[in-house]
A.B. asks: 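Below you'll find the structure I mean.
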Amino acid sequence: MLPLIVFAVGIAFYNYKQDRGDATRRVLENVRSMRLVLDSEVQRMTGGLQVLALTNSLRDDDFANFRRIALGFLEQYGKGGLLLISDSKGRILFSSTSEDTASLPPRSNMTIVEKLFATKAPQYSDLFNGAYNHRQVLTVEVPVFRDGEVVYDLCFSPPIGIFQNLVEKQRPDPEWTVSLLDTTGTVFARVPNPGETFGKRASPSLYTEMFRSNEAALSSVSLDGTPLASAYTRSHLTGWTVAAGVPESSLIAPLWRNIAITSLIGGVLLLVGLTFAVRMATTIARGEMLHNLLVEELNHRVKNTLALMQAIAVQTFRSASRDERTKFEGRLGALAEAHNLLSQEKWAGSELRDVIARALQPFLLANPDRIRMAGPAVPLSPRLAVVLSMIVHEIATNAAKYGALSNETGRVTLDWEVMADAPKPRLRLIWTEIGGPLVTAPVQRGFGSRLIERSARDQLGGEATVDFLPRGVVCTVICALDETR
C-alpha cells in the first residue's frame, strides 16, 4: 500500500506543476488583455483630444468658445478632469477650471511639454504632483498644429478613478492582485488596497525585473507581502506597465488537499478503490482548472490578437509619417472599440445603434448634434458588428478631414432600414453630408474608399457606393443580415 500512496503523491505533485504552469500562462494572457483595454481607453482619450485640436475655435484662438467644447469633452469623464492649453514655454493660455489664466503658474511638468514640441506627437506622462488640482496626476497631451508647426500643447489630466475602475472591472478573480504602473514603476491604480499603495514604487521583486524586458512571468512578493505567481507587460503606446498575480497559496492548497485525501483513502481502501479515488480527484481538480482556463481563453482571444497587431504596427510604423500612424491607429482603435462592445455582450452580437455610436464617439465631442441617426433596432452578429464599425469609422474620418465634419456648419444624416424584399433580410445604411466644403470627386480612389467597398463586397456579401455630389458625399452600404440569437 505504501508504494501506491507514494505513487499517488507523485501524481499530485505532477498535477501541481501542470496546474501552476497553466496558472502562470493564464496570468500572462490576462495582463496582455488588460494592456489592450488600457491602450484602447488611452487611445480613445488621445483621439478625442486630436479632434479638439482641429476645432475652428482653437485654430482662431477663440478660447471663450473653445471653453464650451472643452467642457463637453470633460463631461464624459466625470468630475476631476482638467484641460489645459500651454505654449512652448509652459505658459497657460487656457484652463477648464479658471478663466483668469494670468494668475495661474506655468506648467510644472516642462519635460513632457518640451518633448511634445520636439517630437510633434502625443505624449503620456508619469505620475506627478499637479500644480492646479494639488494632487498626483497623469496627463495625455497632443500637439495643436498650425501651418504644419506645433503652436500649443493640449493637455488632459483624466480623473485617476478611470484607471482604478478599469483595474477593478478587468480583475479576473477577487484573489488576484492587479496593478497599473507608470514608466518609473510607480503605482497609479491597484486592487486590492488602492489607497495604501497609490503613488508607491512597485515591490522590489517586481521593480527589479520589469526594467529588464517588456514582458515576463515571474514569482514575486506584492506590496502587501503576499507571494504571487505573477506576470507583467509594458504598453508600447504609453510605456505604462500592467502587472497581475495570483497568490501562491491558492495554488499550493489544492496540492496539500490532494495529498491528504490520497493518504487517508490509501490507508482504508483496497487497491481498486484507491486507484479509482485518485483518478477521480485528479480529473475533478484538473477539469475545473481547465474549464476556467478555456472560458477565459474564449473571452480574451480577440483582444490578444489585437494586442499582437498593435505590437506589430508599432514596429512596422516606426519610420512612417505621423499621418500614416494616425490613420492606422484610428482604424485599429475602431476595431478594438467594436470588439470591446462585443465582449461586453459576451459575443452574442450587439445593437446597430450601439455599434455606430461607438465608432462615431470621437467625432461627436465638439457638437453631438452634428450627426443625426435614425433607424429601427437591428441586432447584429459579431461579424457584421466588426465590419460595419470599421466602415462607419472610415466614412467619418474622411468627413472630418475633407467633408461635412471639417468645418463648423456641416451636418451628417445617418439613416438605416431593414429591407425584406429578398429571402434573407438586408440592411441599407445611408450616410448623407450637407453644409460642408464644395465636393469634387477625387482623381484617384484612396485606401479608405477601397476599404469601404471591398469590406462591403467581400466580408458582408453586399455592396457600397460613394457618390461625390457637389452638396456633399452620400455613401450607401447594403448587406445581408445574419441570424442572431
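Keep in mind that this is a model prediction, so the values were computed, not measured. All residue numbers refer to positions in the sequence shown, counting from 1.
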A.B. asks: Within the side chain of Thr46, is there an N or O that forms a donor-acceptor pair under 3.5 Å with the backbone of Val42?
C.D. replies: yes
A.B. asks: Applying side chain to side chain contact (heavy atoms under 4.5 Å, CB included), run through Ile371 and Leu405 and close with a yes or a no.
C.D. replies: CA-CA 9 Å; Ile371 302 179; Leu405 300 182; 4.0 Å; yes
A.B. asks: With sequence neighbours left out, what residues match Glu75 under salt bridge (Lys or Arg N to Asp or Glu O under 4.0 Å)?
C.D. replies: none
A.B. asks: What pairs with Glu175 under side chain to side chain contact (heavy atoms under 4.5 Å, CB included), at least two apart in sequence or on another chain?
C.D. replies: Asp173, Pro247, Ser250
A.B. asks: So, do Arg135 and Ile160 sit near enough that their side-chain heavy atoms are less than 4.5 Å apart?
C.D. replies: no
A.B. asks: Could you pull out all residues at least two apart from Ala70 that satisfy side chain to side chain contact (heavy atoms under 4.5 Å, CB included)?
C.D. replies: Phe66, Leu83, Phe94
A.B. asks: Run the side chain to side chain contact (heavy atoms under 4.5 Å, CB included) test against Asn165 and tell me which residues pass, sequence neighbours left out.
C.D. replies: Glu168
A.B. asks: CG of Leu104 to OG of Ser98: how many Å apart, nearest 0.5 Å?
C.D. replies: 5.0 Å
A.B. asks: Which heavy atom of Gly80 sits nearest a heavy atom of Pro159, and at what distance?
C.D. replies: C-CG, 3.9 Å
A.B. asks: Would a distance-only check, ignoring hydrogens and angles, find a side-chain to backbone donor-acceptor pair under 3.5 Å from Ser389 to Ala385?
C.D. replies: no
A.B. asks: Would you say that Gln43 contacts Leu237 through its side chain, given a criterion of any heavy-atom pair below 4.5 Å between the two side chains?
C.D. replies: yes
A.B. asks: Between Arg91 and Asp87, does any side-chain N to carboxylate O distance fall below 4.0 Å?
C.D. replies: yes
A.B. asks: Sequence neighbours left out, what passes side chain to side chain donor-acceptor pair (under 3.5 Å) with Arg146? Give chain and number order.
C.D. replies: Asp61
A.B. asks: Would you give the length of the straight line joining atom CD of Glu248 to atom OG of Ser220, rounded to the nearest 0.5 angstrom?
C.D. replies: 8.5 Å
A.B. asks: Report the residues that fulfil side chain to side chain contact (heavy atoms under 4.5 Å, CB included) with Ala396, sequence neighbours left out, ordered by chain and then residue number.
C.D. replies: Leu360, Phe363, Trp431
A.B. asks: Please list all pairs meeting side chain to side chain donor-acceptor pair (under 3.5 Å) that have one or both residues in residues 181-191, counting only residues at least two apart or in different chains.
C.D. replies: Asp126-Thr183, Asp182-Thr184, Thr184-Thr186, Arg190-Asp224
A.B. asks: Once side chain to side chain donor-acceptor pair (under 3.5 Å) is applied, do any residues pair with Glu141, and if so which ones, sequence neighbours excluded?
C.D. replies: Arg107, Thr139
A.B. asks: Show, in sequence, the C-alpha distance, side-chain angles and deciding distance for Phe128 and Ser108, and conclude whether the side chain to side chain contact (heavy atoms under 4.5 Å, CB included) test is met.
C.D. replies: CA-CA 9 Å; Phe128 68 97; Ser108 58; 3.8 Å; yes
A.B. asks: Below 4.5 Å, heavy atoms only, C-beta onward: do Trp240 and Phe188 meet side chain to side chain?
C.D. replies: yes
A.B. asks: Calculate, to the nearest 0.5 Å, the distance between atoms OG and CG belonging to Ser157 and Leu84 respectively.
C.D. replies: 8.0 Å
A.B. asks: Tell me whether Lys120 contacts the main-chain N or O of Leu116 through its side chain, where contact means a donor paired with an acceptor under 3.5 Å.
C.D. replies: no
A.B. asks: What's the spacing between Asp153 CG and Met110 CE if we round to 0.5 Å?
C.D. replies: 9.0 Å
A.B. asks: Considering non-hydrogen atoms only, spot the tightest contact between Ala202 and Met210 and give its length.
C.D. replies: CB-SD, 4.4 Å
A.B. asks: Would you name the heavy atoms of Leu127 and Gly199 that are closest together and state the gap between them?
C.D. replies: CD2-CA, 4.0 Å
A.B. asks: Go through the steps to decide whether Leu180 and Leu38 satisfy the test side chain to side chain contact (heavy atoms under 4.5 Å, CB included), and finish with yes or no.
C.D. replies: CA-CA 9 Å; Leu180 300 183; Leu38 174 63; 4.2 Å; yes
A.B. asks: What closest approach, in Å, do Ser57 and Ile69 show between heavy atoms, and which atom pair accounts for it?
C.D. replies: OG-CD1, 3.9 Å
A.B. asks: Please list all pairs passing the ring pair (Phe, Tyr, Trp, His ring centres under 6.0 Å) test where one or both residues lie in residues 208-234, with sequence neighbours left out.
C.D. replies: Tyr207-Phe211
A.B. asks: Are Leu228 and Thr177 side-chain neighbours, meaning at least one heavy-atom pair lies under 4.5 Å?
C.D. replies: yes
A.B. asks: Quick one: are Pro143 and Phe117 in side-chain contact, heavy atoms under 4.5 Å?
C.D. replies: no
A.B. asks: Glu209 and Ser205: side-chain donor and acceptor closer than 3.5 Å?
C.D. replies: no
A.B. asks: Checking Arg59 now: which residues fulfil side chain to side chain donor-acceptor pair (under 3.5 Å) with it, not counting sequence neighbours?
C.D. replies: Asn56
A.B. asks: What distance separates Trp176 CH2 from Ser230 OG, expressed to the nearest 0.5 Å?
C.D. replies: 10.5 Å
A.B. asks: Using the side chain to side chain contact (heavy atoms under 4.5 Å, CB included) rule, take Leu58 and Val144 through it: C-alpha gap first, then chi angles, then the decisive distance, then the call.
C.D. replies: CA-CA 8 Å; Leu58 194 54; Val144 178; 3.7 Å; yes
A.B. asks: Residues in ring pair (Phe, Tyr, Trp, His ring centres under 6.0 Å) with Tyr77, at least two apart?
C.D. replies: Phe73, Phe156
A.B. asks: Go through the steps for Arg32 and Glu29 under the test salt bridge (Lys or Arg N to Asp or Glu O under 4.0 Å), then give the verdict.
C.D. replies: CA-CA 5 Å; Arg32 288 171 178 167; Glu29 292 298 325; 3.0 Å; yes
A.B. asks: For a quick check under 3.5 Å, do Arg35 and Ser235 share a side-chain donor-acceptor pair by atom type?
C.D. replies: no
A.B. asks: Do Asn30 and Val242 have side chains that get closer than 4.5 Å, going by heavy atoms?
C.D. replies: no
A.B. asks: Give a yes or no answer on whether the side chain of Ser455 reaches the backbone of Leu451 with a donor-acceptor pair at less than 3.5 Å.
C.D. replies: yes
A.B. asks: Applying side chain to side chain donor-acceptor pair (under 3.5 Å), can you list everything that pairs with Gln76, at least two apart in sequence or on another chain?
C.D. replies: Arg44
A.B. asks: Can you check whether Met34 reaches Leu166 side chain to side chain, under 4.5 Å on heavy atoms?
C.D. replies: no
A.B. asks: Could you tell me whether the side chain of Ile356 reaches within less than 4.5 Å of the side chain of Leu429, counting heavy atoms only?
C.D. replies: yes
A.B. asks: Could you tell me whether a side-chain N or O of Arg171 sits under 3.5 Å from a main-chain N or O of Pro174, the two making a donor and an acceptor?
C.D. replies: yes
A.B. asks: Restricting to non-hydrogen atoms, name the atom on Ser222 and the atom on Ser203 that form the minimum distance, rounded to 0.1 Å.
C.D. replies: C-CB, 4.1 Å
A.B. asks: For the atom pair OG (Ser213) and CG (Leu218), what is the distance rounded to the nearest 0.5 Å?
C.D. replies: 9.0 Å
A.B. asks: Could you report the tightest heavy-atom contact between Asn109 and Ile112, atom names first, then the distance?
C.D. replies: O-CG2, 3.3 Å
